[in-house]
Amino acid sequence: MTTFRAARGTRDLLPTETPRWSALERLADDLATRYGYRRIETPMLEQTAVFERGVGEVTDIVEKELFRIAPRSEDGESWSLRPEPTAGIVRAYVQHGMQTWPQPVKLAMTGPMFRYDRPQAGRYRQFWQFDIEAIGDAGPAIDAEIIELGTRFYAEAGLTGVEVLVNSIGDPACRPAYIAELTGWYRERGTRLPPFELERLARNPLRLLDSKDPAMVALNADAPRITDRLCDDCAQHFATVQEHLHVLGVPFRLEPGLVRGLDYYTRTAFEFYIAGREGQQQALGGGGRYDGLVELLGGRPTPGIGFGIGLDRLLIALDEQGAKPAAAIAPVAVVVGADPDDTVGRLRIATELRATGIPARAELGRRKLGKQLEAAARDQAHFAIILGDELTSGDVQVRDLQAGTQKLVPVAGLAREIARAHAAHRHGLAEQGAAGAARGPDPA
Ligand code: HAM
């Protein structure tokens with residue numbers, strides 16, 4: 001018999017893990033709203049050309065890591081699963097004429113991305129990003145605001161020790177001369193370059209700067225720095241970003257070797273790491289400015305900036321810091337009964353409770369009352385609603401499983417009593433609440 005497994009580099013998020021994911025997604029939503037970013041969803045697949053043009057043909061992401069979907073003969077179009085959201089979001093910005101909206105258009109998205117990379121700890125073929133994009137603002141103030149938003153996300157998620165590395169990689173006015181100088185500099189030292197880097201030098205010389213190869217790290221310490229060769233506009237922009245970060249109290253470190261692995265970047269580039277862990281190619285998140293991307297994808301020249309935060313890596317980092325696992329979700333009430341066969345009676349009451357918004361479960365197994373109560377306690381339910389002989393006079397027993405008390409409550413007022421007693425318990429008024437629930441309907 002074949003055993004089926006999730007595809008290599010992908011994984012199932014089980015109910016034991018999803019509460020933490022939901023919490024991160026809620027935090028992402030909440031922060032995006034707080035900062036004025038509105039949700040966008042784009043398809044998980046795009047025309048391959050969107051990524052080839054947007055991210056860049058000579059990048060690892062497009063050259064090696066694209067999940068290409070074989071073209072179907074009837075349309076012949078080449079599609080790929082999105083390796084990142086920015087190119088698709090900018091495609092949508094152009095397609096839907098968002099240039100005519102009030103600028104900047106501030107967009108947020110959280111969802112899965114796909115890269116056909118060699119899987120290892122913290123590197124998956126399907127992973128999740130919280131992404132933020134502000135399109136139509138040339139900065140520099142918004143650059144700092146976005147970096148601050150990233151650091152706040154980590155802080156509110158409970159992660160400590162996050163460091164922001166910041167750089168400026170110039171623009172079309174100053175970068176070409178720098179790249180020519182850098183290429184010449186590496187060529188003069190060609191014998192010291194590993195063969196792989198020598199090959200990359202011909203195609204994407206900037207990438208050599210953030211090589212993790214120890215020989216390259218040593219060599220790169222003396223490499224010409226883009227930050228010393230920025231044109232006046234880029235230098236002024238970068239200085240102002242730093243000034244704003246200082247005023248906002250966001251600690252950051254200048255990292256002249258930070259070039260990012262996507263071609264669309266201009267000027268501000270940044271990455272988030274746990275301090276001291278930069279060597280391991282395990283950025284927690286990263287982003288930057290992409291002032292040429294809208295035009296590259298067919299729109300009017302429009303500046304933009306954003307970041308992508310890896311949620312998988314954030315959760316791994318939280319685990320390493322000993323973050324508490326999220327509590328399991330317990331039902332507020334479990335409906336049990338003396339007559340094992342009366343599933344209709346139990347289901348009806350649970351349905352009524354749920355209709356009023358109370359998380360409730362009916363015991364649908366036909367087992368003895370004792371076993372039903374044990375299961376309710378195991379579920380960590382607050383109340384067991386016990387259906388017995390009192391049902392003929394319209395009442396049920398409500399047992400507070402946490403306080404160990406039990407009261408008779410009319411079915412007609414059950415939902416209200418449970419809601420009130422549970423709310424009182426949550427607000428630390430357990431005894432009053434439970435007693436109040438037993439005394440009868442709320443006079444208010
Ligand atoms: P990126 O640096 O390629 O940037 O990815 C952002 C984050 O996604 C990384 O820092 C990392 O946490 C996570 N990540 C990337 N690949 C993987 C993987 N294979 N497994 C697990 N996590 C991964 C971008 O994607 C840009 N779109 C960011 C951006 C938005 N720039 C401007 N706007």
Side-chain angles (χ1 to χ4, degrees), residues 7-11 13 24 28 32 37 40 42 46 50-51 54-56 59-62 64-67 81-91 93 104-135 137 139 142-143 146-147 149-150 153-154 157 159 162-165 167 169 207 210 258-274 277-278 280-294 303-318:
R8 188 162 129 83
T10 73
R11 65 210 196 288
L13 302 177
L24 280 186
Y37 288 78
I40 184 168
T42 63
E46 294 276 346
V50 169
F51 305 122
V55 176
T59 56
D60 285 353
I61 293 180
V62 168
K64 300 187 207 149
E65 297 169 10
L66 263 195
F67 259 99
L81 295 182
R82 63 183 183 201
E84 61 97 51
T86 313
I89 289 175
V90 169
R91 190 266 312 139
Y93 176 91
V105 177
K106 293 162 79 177
L107 303 167
M109 182 162 107
T110 301
M113 309 296 150
F114 305 86
R115 293 185 193 177
Y116 192 81
D117 202 350
R118 192 168 49 81
Q120 54 175 260
R123 194 198 285 159
Y124 305 102
R125 288 182 175 173
Q126 179 179 347
F127 59 96
W128 274 257
Q129 275 189 12
F130 165 39
D131 181 85
I132 281 286
E133 310 290 352
I135 310 178
D137 186 328
I142 201 162
D143 304 32
I146 281 191
I147 293 172
L149 165 52
F153 181 69
Y154 292 115
L159 195 68
V162 176
E163 191 174 40
V164 194
L165 272 45
N167 194 20
I169 56 171
R207 296 295 297 163
D210 68 357
L258 178 79
V259 292
R260 309 275 298 133
L262 302 86
D263 278 357
Y264 51 61
Y265 290 113
T266 50
R267 296 192 166 173
T268 313
F270 54 92
E271 272 174 350
F272 301 100
Y273 284 92
I274 296 284
R277 305 273 303 262
E278 309 89 68
Q280 301 175 18
Q281 278 183 308
Q282 292 280 27
L284 289 171
R289 183 160 277 293
Y290 46 84
D291 293 344
L293 183 57
V294 176
I305 181 165
F307 67 60
I309 283 182
L311 297 186
D312 310 72
R313 288 185 190 172
L314 171 55
L315 278 175
I316 293 173
L318 283 169

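As the structure lists them, so they are numbered: ligands from 1, and atoms in each ligand from 1.
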Asks: Considering only heavy atoms from C-beta outward, does the side chain of Asp131 approach that of Thr86 to under 4.5 Å?
Replies: yes
Asks: If you have a sec, work out which protein heavy atom is nearest atom 3 (O) of ligand 1 and how many Å separate them, to one decimal?
Replies: Arg115 NH2, 2.8 Å
Asks: Nearest 0.5 Å please: distance from the CD atom of Glu84 over to the OG1 atom of Thr59.
Replies: 9.5 Å
Asks: Which pair of heavy atoms, one from Ala269 and one from Leu258, lies closest together, and at what distance?
Replies: O-CD2, 3.5 Å
Asks: Below a 4.0 angstrom heavy-atom separation, can you tell me which part of Leu262, side chain or backbone, both or neither, approaches ligand 1?
Replies: side chain
Asks: Heavy-atom contact check, 4.0 Å cutoff: does Gly261 meet ligand 1?
Replies: no
Asks: Is the shortest N/O to N/O distance between Gly287 and ligand 1 below 3.5 Å?
Replies: no
Asks: Just verifying a value: how many Å separate Leu284 CG and Glu163 CD, rounded to the nearest 0.5 Å?
Replies: 11.0 Å
Asks: So, is Pro83 polar-close to ligand 1, with some N/O to N/O distance under 3.5 Å?
Replies: no
Asks: Over all heavy atoms of both residues, which pair between Pro104 and Asp137 is shortest? Give the atoms and the distance, please.
Replies: CB-CB, 3.8 Å
Asks: Once you restrict to heavy atoms under 4.0 Å, what part of Tyr265 touches ligand 1? Side chain, backbone, both or neither.
Replies: side chain
Asks: Would Asp312 count as being in polar contact with ligand 1, using the rule that some N or O on each side must be under 3.5 angstrom apart?
Replies: no
Asks: Under 4.0 Å, counting heavy atoms only: does Arg260 come that close to any atom of ligand 1?
Replies: yes
Asks: Using distance alone, determine whether Glu271 and ligand 1 share an N or O pair under 3.5 Å.
Replies: no
Asks: Assess Leu284 for proximity to ligand 1: is some non-hydrogen atom of it under 4.0 Å away?
Replies: yes
Asks: Heavy-atom pairs closer than 4.0 Å: do any link ligand 1 to the side chain of Glu133, the backbone, both, or neither?
Replies: side chain
Asks: Could you tell me whether Asp131 and ligand 1 have an N or O pair separated by under 3.5 Å?
Replies: no
Asks: Run the ring-centre check on Phe114 versus Tyr116 and record whether the distance is less than 6.0 Å.
Replies: no
Asks: Below 4.0 Å, non-hydrogen atoms only: which portion of Met113 touches ligand 1? Side chain, backbone, both or neither.
Replies: neither
Asks: Contact between Tyr264 and ligand 1, counting heavy atoms under 4.0 Å?
Replies: yes
Asks: Looking only at protein heavy atoms, identify the closest one to atom 14 (N) of ligand 1 and say how far it is in Å.
Replies: Phe127 CE1, 3.4 Å
Asks: Indicate, as side chain, backbone, both or neither, the part of Arg123 found under 4.0 angstrom from ligand 1 when only non-hydrogen atoms are considered.
Replies: both
